[in-house]
Amino acid sequence: MTRTRKKVPTSARPARWWRLIWITSLKLALAGFLGLFLYFIYLDSKITSTFSGQKWQVPAQIYGRSLELFPGKYLTQKQLVQELEQLQYQRVNAVSGPGQFRTSGNTVEIFRRSFTFVDGTQAASRFSVEFNRRGISALLQQKSPLSMARLEPQLIEHLVSPHQEDRELVRLEWVPSLLKETLLLVEDRDFYQHRGVSPLSVLRALWVNITAGRTVQGGSTLTQQLAKNMYLTQDRTLLRKVNEAMIALVLDYRFSKDQILEAYLNEIYLGQNHATAVHGFGLGSRFYFGKPLTELNADQYALLIGIVKGPGYYDPRRFPERAKQRRDLVLRLMFEQHLLDQRAYEQALTRPVEVVARGQYLNANFPAYMDAVKRELRQLALDSNLMHSGIKVFTYLDPMAQTQAERTVTQLVPAMDKELEAAMLVVDYQRGAVQALVGGKTAGYAGFNRALEARRPIGSLIKPAIYLEALAQRGRYTLGSMLDDSPLSLRSNNQEWQPQNFDKTFRGNVSLMRALADSLNVPTVRLGLQLGMPKLQEALRRLGLERNITLYPSALLGSLELSPYEVSQLYQTIANNGVHQSLATVQAVTDQNGAVVYQRNLTPSVRYPAADVYLLHYAMIESTLTGTAQSLARTWPQPTFAGKTGTSSDYRDSWFSGFDQDRLVTVWLGRDDNKSTNLTGGSGALRVFTDYFKQQGTHNLIRYMPEQVEWQRFSTQSGLPVPEYCPNSWLLPAHQDSVLALNQCD
């Protein structure tokens with residue numbers, strides 16, 4: 001029996017197909033929804049973890065020293081005004097807010113900004129500084145005497161790694177309300193109403209742009225802009241736009257509007273500083289105006305917000321007219337929405353677009369000093385994550401000293417010889433604080449740093465170490481002791497060595513003090529040999545030389561090769577009355593919240609008794625009055641410095657290291673090809689030293705005689721102590737009871 005297949009009505013076939021399509025579509029929709037749900041979970045996990053933690057690698061901010069002001073401080077009114085101008089303080093007729101100052105006669109009135117110092121945050125403060133001929137005579141706050149005040153330190157540099165973004169984080173509560181309200185007005189009026197994505201904003205932006213005849217508003221919400229900048233590329237594709245919307249939804253769901261707005265304020269791209277991208281309004285304010293956000297005017301806020309639309313297109317440095325048009329458009333919106341009244345609006349329109357030079361928001365460009373800072377930070381071995389979290393590094397850099405040191409070197413050295421190179425250090429020797437460091441004759445050039453890396457023969461700069469060690473031998477040597485200045489022949493490495501004095505003459509017997517003051521070579525060699533090479537190696541170690549060295553007789557005349565930094569370390573101990581303190585550029589490091597993560601502890605150690613060093617200083621002062629550095633006396637007749645010239649063989653290196661009451665300055669001149677400079681220490685490096693102090697001013701060197709030292713009379717013939725009434729004798733300081741006076745004259 002044959003079965004017949006029942007035919008399906010033709011009308012039923014489409015129904016089956018539609019049901020199949022519907023079921024398939026439902027499955028696909030469910031799969032798509034599940035995929036979307038899983039993708040949302042992925043986005044939520046990724047975004048929440050990154051947004052809640054450290055969102056950015058924020059460069060370390062490097063600051064100079066804080067200028068401390070107190071009655072009696074040696075500082076001129078002109079120098080204080082220069083400091084304020086470098087800090088971008090505004091000179092006004094009437095001081096009304098932070099970041100302003102006024103001069104009147106011998107008084108400077110200052111409204112200092114608030115700042116988080118190493119020891120905590122200090123609020124904005126208003127005070128007056130009065131001057132007399134000797135410096136600061138009084139500090140007054142509301143007509144009451146003030147014992148001390150300080151200015152915020154200058155921002156010197158951001159340690160930005162290659163291809164790293166640069167930003168300066170701000171908290172929402174720090175941001176002026178006018179900036180926030182204008183930003184939302186221009187970029188996202190419904191920010192506090194929508195859920196991260198606003199279709200109405202797209203329609204409104206389209207209408208406004210058509211009405212204005214140009215693009216005034218964008219359709220993306222502020223949250224979408226943040227999503228694009230933080231998590232996506234700049235590709236203009238549909239997929240990127242969908243991702244942007246989804247991330248915006250997640251951000252809006254997980255975080256408060258204030259958190260999103262604060263992140264936007266710190267993330268938005270505002271320009272390019274050469275190869276480094278400038279992000280955030282905090283840094284943008286400094287990058288364009290050299291000031292914190294709180295000190296900007298309405299027209300400056302309008303310019304910053306206008307730049308958001310196209311930092312390259314509206315760059316005020318390259319396209320000032322275009323930037324002004326954009327700024328004025330934002331100002332008009334501010335006026336129309338009653339953020340500005342008629343008078344403020346008209347005043348803002350009349351102001352020109354004025355921005356600081358590119359890079360001037362970092363108050364200086366001191367690459368040689370920064371080399372030393374970076375080297376020290378590496379030695380501190382701070383956590384790498386910490387280094388990219390917006391830490392503040394407080395250094396000892398004195399911008400006034402650094403600027404003058406660079407100016408002196410760049411003006412003087414090329415005039416001496418175009419092939420000549422230079423290095424220079426300025427040190428607060430009591431604290432071992434490096435205030436200025438010049439690595440070459442070309443200021444601002446980030447090349448070979450001769451102050452740190454160039455090891456050159458130091459010539460006669462080694463002599464104070466030899467003579468100090470001799471004077472420490474109580475009962476054996478005094479300043480009046482006679483040294484033999486007659487021909488000397490030594491054999492070293494199967495070669496004959498016959499040291500000569502600079503003038504190729506011999507003087508017979510010469511006092512220890514004159515031998516040092518006049519930098520005589522032959523008596524120095526004899527003295528060094530009497531002390532012994534091991535003793536001199538120990539002397540250098542005590543003075544601060546950290547490297548292990550082996551000395552040969554030629555080192556007695558300076559064949560020892562040291563860097564200017566190492567020389568400064570030796571002379572720091574000498575200048576500081578025998579108290580050693582390791583040199584440093586970094587004073588402290590704080591995290592982005594102001595908590596101290598590193599603070600330098602001063603660990604002074606007595607390497608030589610003050611009485612021994614006092615005798616050495618006496619001879620070094622004499623060198624600046626009647627010896628090899630006597631040219632100083634023509635400018636400063638009164639004892640002002642102690643110091644020592646140095647010249648290496650064949651005039652290849654010219655050195656001078658000297659100090660007044662506060663600062664030690666070391667200068668090296670030489671050629672990179674090691675050819676002769678035809679300069680002695682006195683005709684080369686000493687000229688640079690002299691010019692620096694002419695411009696900076698001096699604080700006369702005062703050394704009080706220690707209790708263990710007294711005046712004694714010595715014979716100029718024998719160098720032995722004699723009674724006071726003896727002719728051919730002179731008074732010199734000597735260790736108390738270290739020698740007994742003879743009962744009769746020579």
Side-chain angles (χ1 to χ4, degrees), residues 62-70 73-76 79-80 82-83 86-87 118 135 150-157 363-377 393-410 422-440 443-444 449-452 544 563-576 581-588 600 602 604 641 643 656-668 688-689 691-699 701:
I62 312 298
Y63 288 89
R65 58 91 182 96
S66 299
L67 181 60
E68 295 185 345
L69 308 171
F70 51 85
K73 180 180 180 68
Y74 182 78
L75 183 76
T76 67
Q79 288 173 328
L80 177 58
Q82 288 175 342
E83 181 87 10
Q86 282 190 306
L87 286 167
V118 177
R150 56 182 167 176
L151 300 179
E152 74 272 21
Q154 294 186 27
L155 177 63
I156 303 302
E157 187 168 325
N363 284 296
N365 181 24
F366 304 137
Y369 192 95
M370 286 304 303
D371 282 346
V373 172
K374 293 172 185 176
R375 183 173 74 170
E376 199 166 327
L377 288 174
V393 179
F394 295 91
T395 73
Y396 291 111
L397 174 69
D398 182 335
M400 290 189 291
Q402 179 72 33
T403 301
Q404 184 54 54
E406 290 187 353
R407 185 181 297 121
T408 294
V409 167
T410 55
M424 184 174 178
L425 287 98
V426 181
V427 175
D428 172 354
Y429 58 80
Q430 296 180 41
R431 295 186 297 165
V434 180
Q435 297 179 319
L437 188 150
V438 180
N449 194 330
R450 295 163 186 84
L452 300 178
S563 70
Y565 193 94
E566 290 175 315
V567 168
S568 296
Q569 182 66 82
L570 300 182
Y571 274 74
Q572 178 277 324
T573 308
I574 291 173
N576 200 31
Q581 179 65 60
S582 295
L583 297 186
T585 58
V586 177
Q587 179 184 8
R600 180 187 180 218
L602 294 178
F641 302 101
F656 186 78
S657 191
F659 50 93
D660 68 355
Q661 188 69 9
D662 303 310
R663 291 154 296 174
L664 162 71
V665 173
T666 298
V667 180
W668 167 83
V688 177
F689 178 94
D691 184 81
Y692 173 81
F693 277 101
K694 278 183 180 179
Q695 305 304 322
Q696 281 293 98
T698 62
H699 193 183
L701 181 64

**Study point:** Partner of Y369 by side-chain contact (heavy atoms from CB on, under 4.5 Å), out of Q402, K374, E406
**Key:** Q402
Check your understanding: Is it true that the side chains of T408 and Q404 contain a donor and an acceptor less than 3.5 Å apart?
Key -> yes
How many angstroms lie between [atom1] in [X] and [atom2] in [Y], if you round to the nearest 0.5 Å?
X	Y	atom1	atom2	result
L397	I62	CG	CD1	10.5 Å
T573	Q581	OG1	CD	9.0 Å
T403	Q82	OG1	CD	9.0 Å
Y63	T395	OH	OG1	11.5 Å
D371	T585	CG	OG1	10.5 Å
E376	M370	CD	CE	11.0 Å

Please report the shortest heavy-atom distance between [X] and [Y], naming the atom on each side.
X	Y	answer
F641	T698	CZ-CG2, 3.5 Å
Y396	A584	CD1-O, 3.5 Å
G658	F689	O-CE1, 3.5 Å
P564	T666	O-CG2, 4.2 Å
V409	G440	CG1-O, 3.9 Å
S582	R600	O-NH2, 2.6 Å

Study note, to complete from the structure: Sorted by chain and number, sequence neighbours left out, salt bridge (charged side-chain N to carboxylate O under 4.0 Å, His left out) with R65 holds for E83, D398
**Study point:** All salt bridge (charged side-chain N to carboxylate O under 4.0 Å, His left out) counterparts of D428, not counting sequence neighbours
**Key:** R431
Check your understanding: Yes or no on salt bridge (Lys or Arg N to Asp or Glu O under 4.0 Å) for R663 and D660, after CA distance, side-chain angles and deciding distance?
Key -> CA-CA 6 Å; R663 291 154 296 174; D660 68 355; 3.0 Å; yes
Pairwise side-chain contact, [X] with [Y], heavy-atom cut-off 4.5 Å (strictly under):
X	Y	value
Y565	V434	yes
N449	L437	yes
L67	L80	yes

Check your understanding: Should the ring pair H699 and Y74 be called parallel, tilted or perpendicular, given that the plane angle runs from 0 to 90° and is split at 30 and 60?
Key -> parallel
Review point. When you look at Y692 and V426, which way does the side chain to side chain contact (heavy atoms under 4.5 Å, CB included) test go after all the steps?
Key: CA-CA 10 Å; Y692 173 81; V426 181; 3.7 Å; yes
**Study point:** Check: Q572 side chain, Y429 main-chain N or O, donor-acceptor pair, under 3.5 Å
**Key:** yes
Check your understanding: Does the side chain to side chain contact (heavy atoms under 4.5 Å, CB included) test come out yes or no for Q695 and D691, once each step is laid out?
Key -> CA-CA 6 Å; Q695 305 304 322; D691 184 81; 4.0 Å; yes
Review point. Step by step, would you call L664 with I574 a side chain to side chain contact (heavy atoms under 4.5 Å, CB included)?
Key: CA-CA 10 Å; L664 162 71; I574 291 173; over 6 Å; no
